[in-house]
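Proteins come first, then strands; the chains are lettered A, B, ... in the order of their sequence lines, and each starts at number 1. No experiment lies behind these values; they were computed from the predicted model shown.
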Number of protein chains: 4
Amino acid sequence: MPQPPGHGPGYETKRWEIVDLAAGLFARKGYAATGINEIGEAAGLSKGALYYYIGSKENLLVEIQGRVMLPLLGTARRITALDADPLLRLRLLSESLLSMIMRRLEYIWVYEHDYRQLGEENRLRLKQQRDEFEAIVTGLLEEAMELGLFRPMDARLAMLQFLNLHNHTYQWVRPGGAWDARLLAREYCATLFAGFATGGTAGGGSIGGLEERVLAFLEAHPELVLDPSDDLSGAAA
Amino acid sequence: MPQPPGHGPGYETKRWEIVDLAAGLFARKGYAATGINEIGEAAGLSKGALYYYIGSKENLLVEIQGRVMLPLLGTARRITALDADPLLRLRLLSESLLSMIMRRLEYIWVYEHDYRQLGEENRLRLKQQRDEFEAIVTGLLEEAMELGLFRPMDARLAMLQFLNLHNHTYQWVRPGGAWDARLLAREYCATLFAGFATGGTAGGGSIGGLEERVLAFLEAHPELVLDPSDDLSGAAA
Amino acid sequence: MPQPPGHGPGYETKRWEIVDLAAGLFARKGYAATGINEIGEAAGLSKGALYYYIGSKENLLVEIQGRVMLPLLGTARRITALDADPLLRLRLLSESLLSMIMRRLEYIWVYEHDYRQLGEENRLRLKQQRDEFEAIVTGLLEEAMELGLFRPMDARLAMLQFLNLHNHTYQWVRPGGAWDARLLAREYCATLFAGFATGGTAGGGSIGGLEERVLAFLEAHPELVLDPSDDLSGAAA
Amino acid sequence: MPQPPGHGPGYETKRWEIVDLAAGLFARKGYAATGINEIGEAAGLSKGALYYYIGSKENLLVEIQGRVMLPLLGTARRITALDADPLLRLRLLSESLLSMIMRRLEYIWVYEHDYRQLGEENRLRLKQQRDEFEAIVTGLLEEAMELGLFRPMDARLAMLQFLNLHNHTYQWVRPGGAWDARLLAREYCATLFAGFATGGTAGGGSIGGLEERVLAFLEAHPELVLDPSDDLSGAAA
DNA sequence: AATGAATGAGGTTTCATTCAT
DNA sequence: GATGAATGAAACCTCATTCAT
């Protein structure tokens, strides 16, 4: 803990405000491109006073990451421990995650974007927490497979699909817009659960034979995907 | 009359190498956190010589963005113009996109991460190209709905799901690992196509009644998602 | 509530010293040829501390221009408003201008030499102030003509003669030398007032017929002024 | 001479063009603020080729100074040697000088502005030439005094008035405007010759008693010229 | 609890010049 | 005669951080 001992009563409040403010600035311009000066100006504090509260620039980043990761992990732990079927729990996790994304969008921007700017120690700790979160999701998906609610599949890949779908949302979502966390959770889970339940690659149904047609098509038109022998210089041409 | 001064034959080659190198550094550390010095050292060039090739740091960013966006857009245009059913074209687009992500992962990192560091003009141009790409995806999804291959749904939300699933992949994928672009495209499309074809929110099937149970559950355990009245200060407690 | 961050009491004093110092360096070497490093060394400040005071190099130039132009314009306004005949006011203006030149010679060097290095905005503002100064001089000269103290003449050309005579003085004057501002003002005004009162081009008196003789002479010896058809290459020969 | 031996026939021509071009650029932006790159671009030459012709940046400056000073001095020598009265010769010198200013305005800008950027050796040589020019003017003025055409006065101060009036003209004159060299020479000489002939400080005539009134006025209103005890900090107030 | 001042390293970019080809 | 490429120093400026008061 960087702060010296013996802070007054307003210390934590002010510190909180500054972190909040920094989250907004970091979200907009990126951590590395935001100066301590800007934060000080936004907070109406001289640099000396600012450092009294924050200790260092990286501390701000650490704090922001924590304010995303800790509640997220806490909720995930609580949800996974519920006595309910895995689909319900995944659906609750989905809403919880999207709710965090929409309610703390600026924190999420920083969390998703700038975690690589953390020092080694902090980065490792964050990584462990992320791993735990991923493990929780994976566990729920495996439960659903074991119950036959989902077809057998690579659980890790399923987890990554789940997280891709949710975690990229911050890039375009507008809190206060037409779509709230509940709606998005409903839609995402509808897609995923149906997708994970039926079909699959071998699948029949309406998309039967799709993969065979893809192969045939690509054999005829290899230029439709990037040529694997492309040395990248083709882009300029 | 002598030809006006310009650049020699090796210029573009060297320039290419430098951009490639910069993409790697930017991907690892972020654009703003990467210094011109590092690029120069990596390229074995003095700062002066480096600027002879790059003009400015932002030029590097622009070039990187272009080397992602332009081939991507070109392929998307060619695919959407194909005489094939929309599912096949979406599947081809998926593989093409994932192929780009895997083959130019460092470029993609920069493309996804640092587009906001572009100057206004360049950022606008890039935005238009991204919009066109999104419009192509949306169009294919709408075709599939009209043919009854997908249930009726918000096409824009469907497009965003499609792109979330694909575009977040760069965060964890390892080229040369067990999963190649084709496999991922197959899995992603399997999920999406099945999800978009059946069920949906109102849905029956195996997840019938899920939403009702969610509501009941959340009423009993409101702490399972972030409390909407949370002023964020709860996270620290 | 603490006062918002700002500058301490010694700030303006130090800033003043730095500007003064910069004026000396700019005067000696020219604005563009003087580096920020030199100023920092002269001031005994690191570059960071220097910028704490100056903001930018151009700010120094702006400040220097202002410290010449503003008092000059203020004095000119006060003088022109006096209830006294125009010759007296011109004579006062002359001494005031020369006094400024001699007492702030280094500022004047920069003012006369480097105003073109100002950014567009600052250059325009300065231009307006210079125009006002010129208008004041022109007005006084016109008053003198209307009173019959000066012969009728092009007032603008008279103003330019007045200013040529004064403003070029900085190039050779040595403060502390034999000539002070009062002496120079007396001499310049004696020359100008007598010159503007009598004679003129058509003139009789001692220089009667001079122009006719000039024409005759130049017809006989056209090489005495630069040949108008000279393509400049003759100088090298 | 910086150029290596054995140049082709076009060498001098091209060199001439480049110097001319550089004079234009230097005049507009100042010597120090103009880059070699700009000159190369303007000339359509690569930097290597440019250096083949110019040797160094300072060489350009030396050349420009020479193209002003040498013809000026040559003409002045020829004029002063004429068998004609000193007023006529001064009048011819005036027109010759103004003709140079108007016909080579860009050279004059550089000549007047940037002579201090010359290296020591070149600056000294130029100084000697300027001194000779001043001596010629001083000599003519002394002749006029001896003949009784001018009142007795400080010849050096008279010379400086003559040169102030002429040499500052480049700051505002527009070649091709309403005033040509002849007109300006006529006006300047009319002013100077009348001013130098009559009156003077002790003078009677129309401005009798002016200096006494000035002294009285300044005693009553000392703020009308810069306060000699002004420590410069008054300007900010 | 907070301030203004200072630091020193580093940021991106431009400079005049050289030289092998 | 002329080129493109390279250099290394220097340009102006901003950085995160510290500290006496």
Side-chain angles (χ1 to χ4, degrees), chain A residues 4 6-8 10-11 14 32-40 44-60, chain B residues 1-11 14 32-40 44-60, chain C residues 1-11 14 32-40 44-58 60, chain D residues 4 6-8 10-11 14 32-40 44-58 60:
Chain A
H7 292 304
Y11 182 86
K14 191 106 188 177
T34 303
I36 283 283
N37 266 339
E38 298 172 65
I39 300 170
L45 289 174
S46 72
K47 272 200 274 205
L50 186 65
Y51 266 83
Y52 172 72
Y53 287 108
I54 68 170
S56 80
K57 194 187 177 189
E58 183 169 349
N59 272 4
L60 288 172
Chain B
M1 185 184 302
Q3 79 205 34
H7 294 301
Y11 181 86
K14 190 114 189 178
T34 304
I36 283 286
N37 270 335
E38 298 171 64
I39 301 171
L45 289 175
S46 71
K47 264 186 287 200
L50 185 64
Y51 267 85
Y52 175 71
Y53 288 104
I54 67 170
S56 79
K57 194 187 177 190
E58 184 170 348
N59 270 6
L60 288 173
Chain C
M1 187 185 301
Q3 77 205 36
H7 293 303
Y11 181 86
K14 189 112 188 177
T34 304
I36 282 287
N37 271 335
E38 296 173 65
I39 300 171
L45 290 174
S46 71
K47 260 185 292 195
L50 185 65
Y51 268 86
Y52 176 69
Y53 289 104
I54 68 170
S56 78
K57 193 188 178 190
E58 183 170 349
L60 288 173
Chain D
H7 292 305
Y11 182 87
K14 190 104 188 180
T34 303
I36 282 284
N37 265 339
E38 297 171 64
I39 300 170
L45 289 175
S46 73
K47 274 202 273 206
L50 187 64
Y51 266 82
Y52 172 73
Y53 287 109
I54 67 171
S56 79
K57 194 186 177 191
E58 183 170 349
L60 289 172

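Where D:A49 and B:K14 meet DNA chain F, the nucleotide closest to each residue was compared, and D:A49 sits on the side nearer the 5' end.
When every heavy atom of A:G55 is checked against every heavy atom of A:N59, the shortest pair comes out as CA-ND2, 4.0 Å.
Side-chain atoms of D:K57 do not come within 3.5 Å of backbone N or O of D:G35 as any donor-acceptor pair. Side-chain N or O atoms of B:Y11 include one that pairs as donor or acceptor with a backbone N or O of B:Y53 at under 3.5 Å.
The D:S46 side chain lies nearest to F:dT3 when the options are F:dT3, E:dT3, F:dA6.
In this structure, the separation between NZ on D:K47 and CD1 on D:I54 is 11.0 Å, given to the nearest 0.5 Å. If you take OG on C:S56 and CD1 on C:I36, they are separated by 8.0 Å, rounding to the nearest 0.5 Å. Put simply, CD1 on B:I39 and OH on B:Y51 are 8.0 Å apart, with the number rounded to the nearest 0.5 Å. The CG atom of A:L50 lies 7.0 Å from the CG atom of A:L60; values are rounded to the nearest 0.5 Å.
Between B:H7 atom NE2 and E:dT21 atom P there is a gap of 21 Å when expressed in whole angstrom units. Atom-to-atom, OH of A:Y11 to P of E:dA1 comes out at 10 Å; the value is rounded to the nearest Å. Rounding to whole angstrom units, CG of residue C:L50 and P of F:dC13 are separated by 10 Å.
DNA chain E contains the following stems of three or more consecutive Watson-Crick or G-U pairs, with both distances under 3.5 Å: E:2-21 with F:2-21.
Ring to ring, B:Y52 and B:H7 are close: their centroids are under 6.0 angstrom apart.
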Which atoms of nucleotides 15-18 of chain E (N or O only) lie under 3.5 Å from a protein N or O atom, and what are those distances?
unit_1: E:dA16; atom_1: OP1; unit_2: D:T34; atom_2: O; d: 3.3
unit_1: E:dA16; atom_1: OP1; unit_2: D:K57; atom_2: NZ; d: 2.7
unit_1: E:dA16; atom_1: OP2; unit_2: D:I36; atom_2: N; d: 2.8
unit_1: E:dT17; atom_1: OP2; unit_2: D:Y51; atom_2: OH; d: 2.6
unit_1: E:dT17; atom_1: OP2; unit_2: D:K57; atom_2: N; d: 2.9
unit_1: E:dT17; atom_1: O5'; unit_2: D:Y51; atom_2: OH; d: 3.3
unit_1: E:dT17; atom_1: O4; unit_2: D:K47; atom_2: NZ; d: 3.3

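The side chain of A:Y52 places an N or O atom within less than 4.0 Å of a non-bridging phosphate oxygen (OP1 or OP2) of E:dA1.
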